[in-house]
Amino acid sequence: MDRLVPDNNKEVLLHLQEISKELEEELDNTLEEDANFNAAPGEWSVKEIVCHLRDAEHIYYRRLQQMLEDDEPFLRAFNPDELASERDYQAADWGEAVAAFKENRATNLNLLTELRPVQWLKGAIHQERGHITVHDIAEALVQHSTDHLEQIRHVRWLAK
């Protein structure tokens, strides 16, 4: 069975830890007035991006838990723009949003760190992506974080 387990689980986890540190540093260096800056109508502010990251981390955690507990569960997609509207991201408290994101990310990192190699192969059926594994979710977390880190840096640059 060990031959079936991807060798790069530790590499994905390391990338996730590194991008998490970069995100935290970027957020720690963002003033609230800069976090509220909107570059254009319909574009997210840094605060809205952080709220999205906070909520996405929670959703990823629930998905990981479901995948680890059940055999091939069905995972529904979610609409980030609808969630942002429902939860009024722009009205959120900046400090609370950052703290919640950090806490949710730490929870996911702890969960992934504790996995046995075979657990990385546990799967689910995603509404839009089809069959995915825990490993795929970890890779998606890395890509999601990388994309939004670049977006945060860009919005902060525009705010100057």
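The first residue in the sequence is number 1, and the count goes up from there.
Listed for the R156 side chain is a donor-acceptor partner under 3.5 Å among the backbone atoms of N29. Although no hydrogens or angles enter the test, the distance criterion places a donor-acceptor pair under 3.5 Å between the side chain of R63 and the main chain of R76.
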- Query: Do L64 and L115 pass the side-chain contact (heavy atoms from CB on, under 4.5 Å) test, and can you show the C-alpha distance, the side-chain angles, and the key distance before you say yes or no?
  - Reply: CA-CA 11 Å; L64 288 166; L115 292 178; 5.8 Å; no
- With side-chain contact (heavy atoms from CB on, under 4.5 Å) as the test, would you mind laying out the steps for L16 and N108 before giving the verdict? CA-CA 10 Å; L16 187 57; N108 282 332; 5.7 Å; no
- Task: Carefully, step by step, assess L27 and L53 under the rule side-chain contact (heavy atoms from CB on, under 4.5 Å).
- Result: CA-CA 12 Å; L27 298 177; L53 287 168; 5.6 Å; no
- Residue pair W120, L112: steps toward the side-chain contact (heavy atoms from CB on, under 4.5 Å) verdict: CA-CA 9 Å; W120 287 80; L112 292 168; 4.1 Å; yes
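Taking each heavy atom of A92 and C51 in turn, the nearest pair found is CB-SG, 3.6 Å. Considering every non-hydrogen atom in both Q127 and A77, the closest pair reads OE1-N, 2.8 Å. Among all heavy-atom pairs drawn from A100 and R54, the shortest one is CB-CD, 3.5 Å. Here the closest heavy-atom approach between residue Q66 and residue F74 is recorded as NE2-O, 3.8 Å.
Comment: R153 engages E22 in a salt bridge, judged by a side-chain N to carboxylate O separation of less than 4.0 angstrom.
For CD of Q17, the number of neighbouring non-hydrogen atoms (other residues, nucleotides, ligands) closer than 6.0 Å is greater than 12.
Between the NZ atom in K21 and the CG atom in D28 there is a gap of 13.5 Å [rounded to 0.5 Å]. Atom CZ of residue R62 and atom CD of residue Q65 lie 11.5 Å apart, to the nearest 0.5 angstrom. Rounded to the nearest 0.5 angstrom, L75 CG and M67 CE are separated by 6.5 Å. Between the CD atom in E150 and the CD1 atom in I49 there is a gap of 11.0 Å [rounded to 0.5 Å].
When side chains are defined from C-beta on, Y89 does not count as touching V50, because their heavy atoms never get closer than 4.5 Å. Using a 4.5 Å cut-off on side-chain heavy atoms (C-beta onward), Q119 and V134 make no contact. In this structure the side chain of W94 reaches within 4.5 angstrom of the side chain of V46, judged on heavy atoms. A heavy-atom distance below 4.5 Å is found between the side chains of E72 and H131. Looking at Y61 and L111, their side chains come closer than 4.5 Å, going by heavy atoms from C-beta outward.
Residues I125 and F78 fall into different hydrophobic clusters, defined by Ile, Leu, Val, Met, Phe, Trp and Tyr side chains chained together at heavy-atom separations under 4.5 Å. Under the 4.5 Å side-chain contact rule for hydrophobic residues, L149 and L158 share a cluster. Taken together through direct or relayed side-chain contacts under 4.5 Å among Ile, Leu, Val, Met, Phe, Trp and Tyr, W44 and W157 form part of one hydrophobic cluster.
At a cut-off of 3.5 Å, with distance as the only test, a side-chain donor of S45 or E48 sits close to an acceptor on the other residue.
Scored by the salt bridge (charged side-chain N to carboxylate O under 4.0 Å, His left out) test, D71 finds K122 as partners (sequence neighbours excluded).
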Side-chain donor-acceptor contacts of residues 136-145 below 3.5 Å, not counting sequence neighbours, with atom names and distances?
unit_1	atom_1	unit_2	atom_2	d
D136	OD2	T133	N	2.8
D136	OD2	T133	OG1	3.2
E139	OE2	H135	NE2	3.2
Q143	NE2	D147	OD1	2.7
H144	NE2	H52	NE2	2.8
H144	NE2	H148	NE2	3.3
S145	OG	R105	NH1	3.3
S145	OG	R105	NH2	2.5
S145	OG	L141	O	2.8

Kindly list each side-chain donor-acceptor pair under 3.5 angstrom involving residues 33-43, sequence neighbours excluded, with atom names and distances?
unit_1	atom_1	unit_2	atom_2	d
N36	OD1	K47	NZ	2.8
N36	OD1	Q90	NE2	3.2
N36	ND2	E32	O	3.1
N38	ND2	E43	O	2.9

